[in-house]
Amino acid sequence: MGSSRLREIFPRIDAALARDRLPICVFDLDSTLFSTAHRNLAILREFVDEHAAEHPHLADVAERIGLDDMGWNVHEDLRRFGFTETEILSRLKGFWFERFFRDEYLAHDVPVPGAVAFVHACHARGALIYYLTGRHVGGMEVGTVRSLREHGFPFWRGRCVLHLKPSFEMNDSTFKQEAIADLRSYHGEVVATFENEPGNANMFLRAFPGATHVLLETIHSPGAEEGSADLVRSPDFELR
Ligand SMILES: [Mg+2]
């Protein structure tokens, strides 16, 4: 269940409005509002279907892997399950890379529990919803909009911004650093941010020290920096 501290964000929105300031809530997408486990598993299954004939052992291993076993790198997940053929694992890595960052695969994503209702609650209260994602323009924008809409996140109704990375090559944390300047340009008040990457959450904490910064305890990149003790930790968006 989510942290009870998620509720403190609502009075923060009210307080900003009372000061005549636009409250802004910043939401990352991958592994924050959406779980990527279904996307990863779909890619793994597609790979297995294409390679099972030559490698029957691959199908045996893949059959035992489920959604909860999906981590950051699907080839590492497979290795953890005892599949050690380096050549196939490296082929899987390439296969995954060619698919994970594409519009059509975003259709597999599923919202993190409570996420849709929580974003709606912030929007209904008067916050600007700022979706900020390392997904890139030129391959993921159409699927991102479709996925937000199909799962019922607020979108076509004003006070909703979707900010994607301008190019695939740009570094994610550089992009998010630059997005801070965009967030400041509204002359509103960032009241809350939500991230699964501790490094990004720390960066938001430094940029907007008065806000509540939530670190989603889903998955994060290997070797990520330590999250500050001042971050609110929550596994999902369920209100307690
Ligand atoms: Mg993320």
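In what follows, residues are counted from 1 in the order of the sequence shown. When a ligand or atom number is given, it counts from 1 through the structure's own listing order.
Looking at Ser221 and Glu197, their side chains do bring a donor and an acceptor atom within 3.5 Å of each other. One side chain, Glu8 or Thr212, offers a donor N or O that lies under 3.5 Å from an acceptor on the other. In the model, Asn40 has no side-chain atom that pairs as donor or acceptor with a side-chain atom of Trp72 under 3.5 Å. Side chains of Tyr131 and Asp28: no donor on one and acceptor on the other come within 3.5 Å.
In summary, of the residues considered (Phe237, Tyr105, Phe194, Phe153), a ring pair (Phe, Tyr, Trp, His ring centres under 6.0 Å) with Phe34 occurs for Phe153 alone.
Within a 6.0 Å sphere centred on CZ of Arg80, heavy atoms belonging to other residues, nucleotides or ligands number more than 12.
Inspection of the environment of the Mg ion (ligand 1) yields the following protein N, O or S atoms under 2.8 Å: Asp28 OD2, Asp30 O, Asn196 OD1.
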